[in-house]
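To start, the structure under review is shown below, and the notes come after it.
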Amino acid sequence: MTLFKAIWGVLFVGAYLCFVATPWTLSVRPPLTTERHEGGIEIPSFGLGTWLSDREKVAHAVEFALNSGYNHVDAALIYRNEDETGKGIEAAKLPRDKLWVTSKLWNADHRAKEATIAVQKSIKDLGVGYLDLYLMHWPVAFIPGEGTKIDESTSIVDTWRAMENIARSGLARKIGISNFSKRDVQKIMDSCQICPYAHEFETHPYLQQQEFVDWHKEIGVKVIAYSPLANTNPTYKDKQRLDPILEDPLWIDLAGKKNATVAQAVLAWGLQRDTIVIPKSVHEEYILENIGAVDIKFTKEEMEEIAVHDKKTRMNDPGRGWGIKLFADLDDPTQLDGDEEDEL
C-alpha cells in the first residue's frame, strides 16, 4: 500500500507541474494561415486602383484593364463606386479564380455585426461571390451614424477578431490591414489567430519607408503600395510643397535611360523593391502605359541613387481632421493642433 501511495504521489506532482505550474504551455500554438479555402491565385504584383475614380468612368476603366492584361482590382466600400466597379468586372468576363479583388472595411463598420453587413455589401456590389483580400481600412473606429466621432470602446484587436470571423466564414480568402503604424501592426501580430496577409499603405519615391517595407518581409506580410506615383493624384496638389514627381529631373533622367515614361519608371521602382503597386486611372492610354512598368529593371547603383532622394513626405493623412495621431512611429506622422507648442 505504501508503494501504491508513493506512485500516486509522483503522478499527482507531475500533473500539477504540467497543468498548474506551467499553464502557458497549453495556450501556445502557431497562428492559422489566411488561406481559408482552396482555389484562387496569389496576389498579383500589379493592379488597378479605384480610389476617387469617377463613377461614370470606372466601369469602363476596369473592363478595359482586365481585358488588357490586368487581373487585380483594388476597391473599397468608402470609395462609393464598388457597384460600378462590379459592372466592369462582370463585363470583362475573367474566370473568377483568375481574378484578384480587394475591398476594405470602413471605420464606421468596425463592430462584428456591422463588419459582416459591410463585407456582404461589397461582395454583392462587386459581383464576385467572395473577396480575395479584405482589409481593415484604417486603425480607427467611428461611432456608426455620428460622422467621424471616435469609438473609444472598440479596439483594433476587437475589430481584428471580426476580420478573422469574416475569413473563417469564407467571405474573404485572406485578410489584412491598411494605414497602420508599426506599433499597431505589432499589436495585431501579437494577438492574431489568423494573421494579416498584406498591409496596404502609402509608399512611393517621396515616402520610401524602406525600413518599414523590409520589416514586413521579416514578419511575412506583403506590402501593397497605394499612391505609387506620389503626388500625381490631383487630390494632393494643395497638400504638399514638392514639385510633381513626373517633372522631377532625377526621374526624367532615369526614364530616359530606360526608354520609358516617368510613370513607368516610378512604378518599376515600386515593383523592384517587392511592393505590390496599384496605380489608378480611368484613361485607356494611362492604363496601358502603367502596366509597361513590369518590363523595366534598375541596377543596384540606380536603386541606391533613388534611395538618397527620399523626401519623407506623406500625401494622404486624414488624422488631423479626425483628431488622431496616425503613423506615430513612421516618417511624416500626423501633426495635431498644439503639437508644435508641445515640442518647444
Side-chain angles (χ1 to χ4, degrees), residues 41-49 51 65 68-74 100 102 133 135 176 178-179 182 185 196-233 236 242-281 286-316 330-332:
I41 57 176
E42 284 298 303
I43 187 167
S45 60
F46 202 94
L48 179 72
W51 179 41
S68 301
Y70 289 67
N71 61 343
H72 175 183
V73 177
D74 184 90
W100 183 282
T102 295
L133 178 62
L135 305 175
S178 181
N179 296 299
K182 183 176 181 180
V185 176
Y197 173 79
H199 184 185
E200 183 172 315
F201 57 87
E202 180 187 342
T203 181
H204 44 70
Y206 286 174
L207 184 70
Q208 298 183 20
Q209 304 186 106
Q210 191 61 53
E211 289 185 5
F212 195 41
V213 170
D214 292 341
W215 180 69
H216 282 80
K217 296 177 187 177
E218 294 172 9
I219 64 173
V221 176
K222 297 180 184 298
V223 172
I224 305 171
Y226 77 74
S227 294
L229 291 170
N231 55 354
T232 56
N233 190 323
Y236 299 146
L242 299 173
D243 291 332
I245 198 168
L246 299 184
E247 299 173 12
D248 188 316
L250 169 72
W251 284 100
I252 291 173
D253 180 61
L254 286 169
K257 292 177 180 177
K258 306 299 176 183
N259 194 28
T261 67
V262 173
Q264 288 173 333
V266 172
L267 293 172
W269 170 83
L271 293 171
Q272 192 159 329
R273 67 199 292 246
D274 293 327
T275 62
I276 295 147
V277 296
I278 48 170
K280 63 170 286 295
S281 182
Y286 295 141
I287 291 171
L288 289 176
E289 174 188 337
N290 289 343
I291 202 171
V294 300
D295 298 321
I296 299 168
K297 300 296 179 185
F298 292 101
T299 66
K300 179 182 178 182
E301 291 73 22
E302 288 169 336
M303 293 294 284
E304 290 173 349
E305 181 182 11
I306 294 167
V308 171
H309 287 79
D310 187 358
K311 311 296 186 185
K312 300 184 186 301
T313 301
R314 190 176 300 279
M315 309 295 166
N316 186 33
L330 301 175
D331 288 338
D332 202 3

Under a 4.0 Å threshold between the charged nitrogen and the carboxylate oxygen, would Glu211 count as salt-bridged to Lys182?
no

Does Met315 offer a backbone N or O that forms a donor-acceptor pair with the side chain of Glu202 under 3.5 Å?
yes

Counting only heavy atoms not in Lys222, do more than 12 sit closer than 6.0 Å to its NZ atom?
no

Min side-chain heavy-atom separation Glu200-Leu133 under 4.5 Å:
no

Leu246/Trp251 under side chain to side chain contact (heavy atoms under 4.5 Å, CB included): CA gap, chis, key distance, verdict
CA-CA 7 Å; Leu246 299 184; Trp251 284 100; over 6 Å; no

Give a yes or no answer on whether the side chain of His72 reaches the backbone of Pro44 with a donor-acceptor pair at less than 3.5 Å.
yes

With heavy-atom distances below 4.5 Å as the criterion, would you say the side chains of Asp331 and Leu207 are in contact?
yes

Pairwise distance CG(Leu267) to CG(Leu229) - rounded to 0.5 angstrom
4.0 Å

Find out whether Tyr197 and Ile43 are in side-chain contact, i.e. whether some heavy atom of one side chain is under 4.5 Å from a heavy atom of the other.
yes

Can you check whether Val185 reaches Ile219 side chain to side chain, under 4.5 Å on heavy atoms?
yes

Show the atom names and distances, to 0.1 Å, of all donor-acceptor pairs under 3.5 Å that link a side chain in residues 288-298 to residues at least two apart or in another chain.
{"from": "Glu289", "atom 1": "OE2", "to": "Thr261", "atom 2": "OG1", "distance (Å)": "2.6"}
{"from": "Asn290", "atom 1": "ND2", "to": "Tyr286", "atom 2": "O", "distance (Å)": "3.2"}

Under the ring pair (Phe, Tyr, Trp, His ring centres under 6.0 Å) rule, collect the residues that match up with Tyr226, sequence neighbours excluded.
none

How about Glu305 and Leu250: do any of their side-chain heavy atoms sit closer than 4.5 Å?
yes

When you measure from the side chain of Thr275 to the backbone of Ile224, do you find a donor-acceptor pair of N or O atoms at a distance under 3.5 Å?
no

Spacing of CD1 belonging to Ile245 relative to NE2 belonging to His309, to within rounding of 0.5 Å
11.5 Å

May I ask you to decide if the ring planes of Tyr236 and Trp51 are parallel, tilted or perpendicular, using 30° and 60° as cut-offs?
tilted

Expected output: side-chain Arg314 to main-chain Leu330 donor-acceptor under 3.5 Å
no

Looking at Thr203 and Ala225, would you say the former's side chain and the latter's main chain have a donor-acceptor pair under 3.5 Å?
no

Between Lys217 and Asp274, is there a side-chain heavy-atom distance shorter than 4.5 Å?
yes

Does Ile41 reach the side chain of Asn71, with side-chain heavy atoms less than 4.5 Å apart?
yes

Taking atom NZ of Lys257 and atom CD1 of Ile252, what is their separation to the nearest 0.5 Å?
13.0 Å

About how many Å separate CD of Glu301 and CD1 of Ile306, when rounded to the nearest 0.5 Å?
11.5 Å

Could you measure the distance from the CG atom of Asn316 to the CG atom of Asp332? Nearest 0.5 Å is fine.
11.5 Å

Check for a donor-acceptor pair, side chain of Tyr206 on one end and backbone N or O of Leu242 on the other, with a separation under 3.5 Å.
no

State, with a plain yes or no, whether a side-chain heavy atom of Glu302 is found less than 4.5 Å away from one of Gln272.
no

Rounded to the nearest 0.5 Å, what separates atom CD in Gln208 from atom OG1 in Thr313?
11.0 Å

When the ring planes of His199 and Phe212 are compared, do they come out parallel, tilted or perpendicular, using 30° and 60° as the limits?
perpendicular

Assess the residue pair Asp248 and Asp243 against the criterion (side chain to side chain contact (heavy atoms under 4.5 Å, CB included)); give the C-alpha distance rounded to whole Å, side-chain angles, the decisive distance to 0.1 Å, and a yes or no.
CA-CA 7 Å; Asp248 188 316; Asp243 291 332; over 6 Å; no

